[in-house]
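First the structure, then my questions, so here it is.
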Amino acid sequence: MAQLRQEVDPDEVGLDAKALARLDRHLAVQVDEGRLPGSLVAVARGGRVAHLTAYGRRDLAAGRPVEPDTLWRMYSMTKPVTTVAALTLVEEGRLSLDDPVDRHLPAFAEPRVYVGGSGSDLRTRPASGPLLIRHLMTHTAGLTFAFYHTHPVDARYREAGLDSSVKPGTDLAGTVDAYASLPLQFEPGTEWNYSVATNVLGRVLEVVSGQPLDTFLAERVFGPLGMTDAGFQVSAEQAPRLSELYGETNEGGIERIAGLPLHGRPRFLSGSGGMVASAHDIHRFSEMLRRRGELDGVRLLAPETVDLMTRNHLPDGADLRAFGSRPAHDEPGNEGVGFGLGVSVVVDPSRTKAPTGLGTYGWSGVATTTFWVDPSRDLSVQFYTQVRPKSSHTLYPDIKRLVHEAVLD
């Protein structure tokens, strides 16, 4: 086990300690007023951790505090990790961004696209082109989530038993086959819709590598980067460090809810949202990206590959708000933000709702975890708690604003 630690004083790397104290006070209020059980925030500059604060509880009932080595359910922060693993295969020539998905997963050989109607009257037509690997990485494949409740194709996902993105009783292969049997919302490559695409990518990795996804990620990402706690399950030794998961109540408080089944190897290995990790692990991962593919003498990706990953790939260079008719798209925080390969990318800082630098990239998880790297300021930030909100909230913009205020140069 390795633990994240503060390495330098803030002023040594051009950060204002008083401003960072305001950040801590803001987060402490969220905990003290019962909106969060506890939290951890870490700010690094030039790769050195200059601010690290753990506050509140990881388990309210047991009274266990948040500590630097607390383990967190990463949910969608798994997606960038799965994408990086895929890019290692691209560099080896075993996979291409322009491979048709059906080359590796034949169930996707004849995709059909939604035309109109709903229910039994839903109409489709053959797609004009194939799904490509790059479409999976950029969420432009036409796939969706069952829980959106905004489109007739979403309803088809629910009818197929995919309410939680997993077909009951199946593994990753069986679930991905279920996705392949359903229509696409739009022609691949023409729009953006946050979706189950990274689960499909995870299955591609299994087929190409000949290994289960958890084994492949451990060999290609976790091990080489020294992400010592990262994985798809927690051991008996790790279990006491795992944060409990909470959900927002209608009254604005929180209550304990069921989380990912992490005690024992899960049958369904989700490349989209199955990872558990510590702040140390994600610091190692984000440092590799900040250093353009290398960390402590280990090169995971070529610099040009990381540059490609952290560049906007949306159709016509659009931002996420351009596809704002669907949930998770039409949020204020998506203005000026595009999407790369597995990460969001700031394309117009003047339009974002919180101060940020051009080219800033990262991603978040549904349990209110996030990381981002701001290359223009050589800044890396992580924030963790374990609360599934009922709707979007202003916590991330507040954190970004308060971190920005701490940057002195």
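Quick caveat: nothing in here was measured; it's all calculated off a predicted structure. In what follows, residues are counted from 1 in the order of the sequence shown.
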Exercise for review: Ignoring hydrogens and angles, state whether a donor on the side chain of R220 or T88 is under 3.5 Å from an acceptor on the partner side chain.
Suggested key: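 Their side chains do contain a donor-acceptor pair, which is all the 3.5 Å distance test asks for.
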**Study point:** Partner of L87 by side-chain contact (heavy atoms from CB on, under 4.5 Å), out of L308, V306, L97
**Key:**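 So, applying the side-chain contact (heavy atoms from CB on, under 4.5 Å) to L87 and each of L308, V306, L97, only L97 qualifies.
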Review point. Quick one: CG on L300 to CE on M288, what's the gap to the nearest 0.5 Å?
Key: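 Taking CG in L300 and CE in M288, the distance rounds to 5.0 Å.
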Practice item. Step by step, work out the side chain to side chain contact (heavy atoms under 4.5 Å, CB included) result for L379 and L15. Key: CA-CA 10 Å; L379 191 71; L15 297 175; 4.3 Å; yes
Check your understanding: Where do F339 and W363 land on the ring pair (Phe, Tyr, Trp, His ring centres under 6.0 Å) test, with the steps shown first?
Key -> CA-CA 10 Å; F339 203 83; W363 201 237; 5.2 Å; yes
Check your understanding: To the nearest 0.5 Å, how far apart are CE in M74 and OG1 in T370?
Key ->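 Taking CE in M74 and OG1 in T370, the distance rounds to 10.5 Å.
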Check your understanding: With distance as the sole test, does R45 use its side chain to make a donor-acceptor pair with the main-chain N or O of V13 at under 3.5 Å?
Key ->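 Yes; at least one donor-acceptor contact below 3.5 Å.
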Exercise for review: Using a 4.5 Å cut-off on heavy atoms from C-beta on, say whether the side chain of Y179 contacts that of R203.
Suggested key: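 Not touching, per the 4.5 Å side-chain cut-off.
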**Study point:** SB check E287 R284 (cutoff 4.0 Å)
**Key:**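 Judged by the 4.0 Å cut-off on N to carboxylate O distance, E287 and R284 do not form a salt bridge.
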Point to revise | Residue among L131, I133, L136, T175 satisfying side-chain contact (heavy atoms from CB on, under 4.5 Å) with V200 | key: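 Only one of L131, I133, L136, T175 forms a side-chain contact (heavy atoms from CB on, under 4.5 Å) with V200, namely L136.
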Exercise for review: Compare all side-chain heavy atoms of L269 with those of P212 and state whether any distance is below 4.5 angstrom.
Suggested key: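 Yes; the side chains approach each other to less than 4.5 Å.
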Review point. Any side-chain heavy atom of L89 within less than 4.5 Å of one from F216?
Key: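 Yes, close enough: below the 4.5 Å cut-off.
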Check your understanding: Hey, is the main chain of R134 close enough, under 3.5 Å, to the side chain of D98 for a donor-acceptor pair?
Key ->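 No, D98 side chain to R134 backbone: no donor-acceptor pair under 3.5 Å.
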Exercise for review: Would you mind checking if R299 and E91 are paired as a salt bridge, meaning a charged N to carboxylate O distance below 4.0 Å?
Suggested key: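 Between R299 and E91 there is no salt bridge, as every charged N stays at least 4.0 Å from the carboxylate O atoms.
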Review point. Is a donor on one side and an acceptor on the other found under 3.5 Å between the side chain of D281 and the backbone of T228?
Key: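 A pair under 3.5 Å: yes.
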Check your understanding: Is there side-chain contact between L27 and L23, with heavy atoms separated by less than 4.5 Å?
Key ->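 Yes, their side chains come closer than 4.5 Å.
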Point to revise | N/O donor-acceptor pair under 3.5 Å between S272 side chain and N199 backbone | key: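 Judged by distance alone, no pair lies under 3.5 Å.
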**Study point:** N/O donor-acceptor pair under 3.5 Å between Q238 side chain and S235 backbone
**Key:**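 Confirmed, Q238 side chain pairs with S235 backbone.
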Practice item. Would you indicate whether the side-chain heavy atoms of Y55 and D32 approach each other to under 4.5 Å? Key: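 Of all side-chain heavy-atom pairs linking Y55 with D32, at least one is under 4.5 Å.
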**Study point:** side chain to side chain contact (heavy atoms under 4.5 Å, CB included) evaluation trace for H51 with T53
**Key:** CA-CA 7 Å; H51 184 73; T53 298; 3.3 Å; yes
**Study point:** Minimum heavy-atom distance between P188 and H135, given as atom pair plus value
**Key:**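 That closest heavy-atom pairing would be CB-ND1, 3.6 Å.
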Practice item. Output the distance between atom CG (D398) and atom NZ (K353), rounded to the nearest 0.5 Å. Key: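 It is 14.0 Å, given to the nearest 0.5 Å.
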**Study point:** Between E187 and S128, a side-chain donor and acceptor under 3.5 Å
**Key:**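 The criterion, which ignores hydrogens and geometry beyond distance, is satisfied for S128 and E187.
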Point to revise | Evaluation steps, side chain to side chain contact (heavy atoms under 4.5 Å, CB included), between V366 and R73 | key: CA-CA 9 Å; V366 74; R73 295 167 184 82; over 6 Å; no
Exercise for review: May I ask you to decide if L95's main-chain N or O and D99's side chain share a donor-acceptor pair within less than 3.5 Å?
Suggested key: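 Checking the backbone N and O of L95 against the side chain of D99, no donor-acceptor pair under 3.5 Å is found.
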Exercise for review: Would you name the heavy atoms of G338 and N312 that are closest together and state the gap between them?
Suggested key: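 In this case the closest contact between G338 and N312 is CA-OD1, 3.4 Å.
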**Study point:** Smallest separation among heavy atoms of T356 and T360, with atom names
**Key:**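 Closest heavy-atom pair between T356 and T360: OG1-OG1, 3.2 Å.
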Practice item. Quick one: pull up CG in L358 and CG in D374 and give me the separation to the nearest 0.5 Å. Key: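 Taking CG in L358 and CG in D374, the distance rounds to 9.0 Å.
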Point to revise | Test log, rule ring pair (Phe, Tyr, Trp, His ring centres under 6.0 Å), inputs W192 and F323 | key: CA-CA 6 Å; W192 187 83; F323 311 102; 7.2 Å; no
Check your understanding: Just by distance, do the side chain of R388 and the backbone of G247 share a donor-acceptor pair under 3.5 Å?
Key ->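 Side chain of R388 to backbone of G247: no pair is present.
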Check your understanding: Is there a donor-acceptor contact under 3.5 Å from the side chain of D319 to the main chain of G336?
Key ->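 Indeed, once roles are kept as given, a pair shorter than 3.5 Å links the two residues.
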Review point. Does E248 use its side chain to pair, donor to acceptor, with the backbone of N250 at less than 3.5 Å?
Key: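 Side chain of E248 to backbone of N250, a donor-acceptor pair under 3.5 Å: no, none is there.
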Review point. Between E294 and G297, is there a donor-acceptor pair closer than 3.5 Å when you use the side chain of the first and the backbone of the second?
Key: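 The answer is yes, because a donor-acceptor pair under 3.5 Å joins these two groups.
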Check your understanding: Should we count CD of E159 as having more than 12 external heavy atoms under 6.0 Å?
Key ->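 Result for CD/E159: enclosed.
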Check your understanding: For the residue pair A218 and P224, what are the closest heavy atoms and their distance?
Key ->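 Of all heavy-atom pairs spanning A218 and P224, the closest is O-CD, 3.8 Å.
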Check your understanding: Could you go step by step and tell me if F145 and Y194 meet the ring pair (Phe, Tyr, Trp, His ring centres under 6.0 Å) rule?
Key -> CA-CA 8 Å; F145 281 120; Y194 193 52; 5.7 Å; yes
Point to revise | Y361 side chain reached by P80 side chain, heavy atoms, under 4.5 Å | key: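 Counting from C-beta outward, P80 and Y361 never come under 4.5 Å.
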Review point. Of all heavy-atom pairs between G259 and Y75, which one has the smallest distance, and what is that distance?
Key: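 Taking G259 first and Y75 second, the nearest heavy atoms are CA-OH, 3.8 Å.
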Check your understanding: Looking at side-chain heavy atoms only, is the closest gap between F383 and V403 below 4.5 Å?
Key ->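 With C-beta onward as the side chain, the pair stays apart.
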Point to revise | Closest approach of R292 to D307 (non-hydrogen atoms, all atoms of both residues) | key: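 Reported closest heavy-atom pair: NH2-OD2, 2.7 Å.
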Check your understanding: Atom NE2 of H313 and atom CG of L341: how far apart are they, to the nearest 0.5 Å?
Key ->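 It comes to 4.0 Å.
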Practice item. Evaluate side chain to side chain contact (heavy atoms under 4.5 Å, CB included) for F186 paired with V153, printing each intermediate quantity in order. Key: CA-CA 10 Å; F186 49 80; V153 173; over 6 Å; no
Review point. Strictly by modelled atom types, are R265 and Q233 linked by a side-chain donor-acceptor pair under 3.5 Å?
Key: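 Side-chain D/A pair, R265 to Q233: absent.
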Review point. Within a strict 4.5 Å, meaning less than it, do heavy atoms of the R156 and L122 side chains meet?
Key: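 Side chain of R156 against side chain of L122, heavy atoms only: contact under 4.5 Å found.
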Review point. Crowded around E237 CD? As in, over 12 foreign heavy atoms under 6.0 Å?
Key: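 Not more than 12 within 6.0 Å, no.
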Point to revise | Parallel, tilted or perpendicular: ring planes of F232 versus F222, cut at 30 and 60 degrees | key: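 Plane angle between 30° and 60°, so tilted.
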Point to revise | Interatomic spacing from CG in L242 to NE2 in H263 - rounded to 0.5 Å | key: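 These two atoms lie 5.5 Å from each other.
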Point to revise | Cationic N near anionic O, under 4.0 Å, R256 to D59 | key: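 Here R256 does not pair with D59 in a salt bridge, since their nearest N and O are not under 4.0 Å apart.
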